[in-house]
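Throughout, protein chains are lettered first and strands after them, A, B, ... in sequence-line order, and every chain is numbered starting at 1.
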Amino acid sequence: MSIQKNKKGAEKILSVYWFAILLIVAGAIVYLVSSFYGKPYDVREMEARLLTDKIANCLSAGGNIKENWQGLNADNFLEECRLVFTVEDSYGWDDDQYYAEIKISDFDSGQSLNEVNAGNPNLKLDCAVDDKNFPLCLERSMYSIDKAGKQYKISIFAAVRKTEKNVQ
Amino acid sequence: MFNNLELKDKKAQIEMPKCINSSKRGQIGETMTWIIATIIIIVMLTITIIISDLSFGKNRKIQTDQNSDILASKSFFSYVLTKNAEDKNVYSQLQTEENLNDFNGNLAIKIFNSSYGEEYNDLWVGFPELQNNYFGEWTGLLEGERSFDAVQEFIKLDENKMLQLSMIR
């Protein structure tokens with residue numbers, strides 16, 4: 001009789017133990033999943049690269065520089081290149097999360113012929129800091145010619161902030 | 001009769017402690033097994049959490065396509081359209097010549113080294129598998145071959161001739 005009672009008690013303790021183990025394992029799985037999916041992906045490098053690619057496509061096509069490149073200015077640049085710097089209405093963003101700058105210069109002398117920028121210029125100042133909490137900046141350049149055969153160097157600078165969504 | 005019953009009771013009294021002793025030993029053994037099993041489970045979970053935290057928790061950057069470079073590709077295309085003093089573009093020059101000449105060789109160095117020299121460890125322009133005086137030994141890949149860190153651009157000059165731009169990170 002006393003052995004039977006002991007067995008019943010042991011079974012009860014075991015079931016409590018099993019629940020405890022189950023909770024530990026479940027908790028660990030929840031932690032693992034949240035640690036993996038809870039942190040956001042940093043896509044700013046990709047965004048900056050896409051922005052430079054898009055500007056490059058706008059400024060040079062078929063090996064030649066855009067015909068009316070002299071007429072590009074801060075007012076018409078976004079429209080000419082079909083760019084939209086509007087961002088989602090969150091984190092108090094006020095369409096100030098992007099910055100783009102182009103510089104068209106003579107390939108041989110390096111003399112600047114046209115400089116255009118659009119977006120939030122303050123982002124460029126923060127580029128000196130190499131930290132994930134600061135804007136991601138990308139500067140690239142390309143070579144192009146016009147129909148008369150004149151050679152140009154086109155420098156494209158792009159900065160993307162959006163730290164709230166990409167960094168945690 | 002009474003004596004017999006008394007004797008049986010006495011025997012039972014003597015045998016009981018033995019049974020309880022072996023049951024206690026069994027219980028201790030079983031408890032130890034559970035404790036060790038619990039420790040193993042916790043250790044395994046901790047290791048898994050640490051590994052996943054270290055390997056996935058830090059670098060959550062999405063890499064862009066490493067096999068294409070739009071700016072370099074556009075520069076390469078503009079390069080072959082560039083004309084020399086005789087109004088002959090690089091494309092026509094390379095169609096008729098065996099290798100890069102002074103004009104197109106130096107122009108290639110100036111364009112690609114200045115714009116992409118910092119970004120890529122190895123730059124090469126020329127005819128595939130053919131050494132030239134400006135970029136040296138051929139370091140590119142054949143057409144159709146792919147490498148994760150390499151950008152390859154080809155421009156067909158004629159049936160048997162190709163101009164290659166190879167950039168390796």
Partner chain B: residue of A:I156, A:I145, A:I154 with the largest heavy-atom pair count (under 4.5 Å): A:I145

side-chain contact (heavy atoms from CB on, under 4.5 Å) for A:F107 and B:L107? Distances and angles first, verdict last. CA-CA 11 Å; A:F107 185 69; B:L107 180 65; 4.0 Å; yes

Most contact-rich option vs chain B, by heavy-atom pairs under 4.5 angstrom, among A:S155, A:G62, A:A61, A:G149, is A:G62

Return the set of residues passing salt bridge (Lys or Arg N to Asp or Glu O under 4.0 Å) with B:E119 (not counting sequence neighbours), or none when no residue passes. A:R49, A:R140

Measure the spacing between CE of A:M142 and CD1 of B:I111 and express it to the nearest 0.5 Å. 11.0 Å

Would a single hydrophobic cluster contain both A:L138 and A:V160, if residues Ile, Leu, Val, Met, Phe, Trp and Tyr are joined by side-chain heavy-atom contacts under 4.5 Å? no

Rounded at 0.5 Å granularity, tell me how far OH in B:Y116 sits from OH in A:Y143. 11.5 Å

Under 4.5 Å heavy-atom distance to chain A, tell me which part of B:L71 shows up: side chain, backbone, both or neither. both

Nearest-0.5 Å distance, CG of residue B:L45 to CG of residue A:L32: 8.0 Å

For A:I24, is it the side chain, the backbone, both or neither that has a heavy atom under 4.5 Å from a heavy atom of chain B? both

Given that the side chain runs from C-beta out, which part of B:I49 has a heavy atom under 4.5 Å from chain A: side chain, backbone, both or neither? both

So which bits of residues 72-98 of chain B come within less than 4.5 Å of chain A, counting non-hydrogen atoms only? B:K74, B:S75, B:F77, B:S78, B:Y79, B:L81, B:T82

Do the side chains of B:F127 and B:L123 join up, straight or via other hydrophobic residues, at under 4.5 Å, putting them in one cluster? yes

In terms of heavy-atom proximity below 4.5 Å to chain B, should A:I55 be classed as side chain, backbone, both, or neither? neither

Should we count OH of A:Y31 as having more than 12 external heavy atoms under 6.0 Å? no

Do B:Y120 and B:F112 sit in one hydrophobic cluster, given that two such residues count as connected whenever their side-chain heavy atoms are within less than 4.5 Å of each other, even indirectly? yes

Part of A:D108 within contact of chain B (heavy atom distance under 4.5 Å): both

Contacts of B:E137 meeting salt bridge (Lys or Arg N to Asp or Glu O under 4.0 Å) (sequence neighbours excluded), chain-then-number -> none

Partners of B:E153 by salt bridge (Lys or Arg N to Asp or Glu O under 4.0 Å), sequence neighbours excluded? none

Are B:I70 and A:L50 co-members of a hydrophobic cluster defined by side-chain heavy atoms under 4.5 Å apart? no

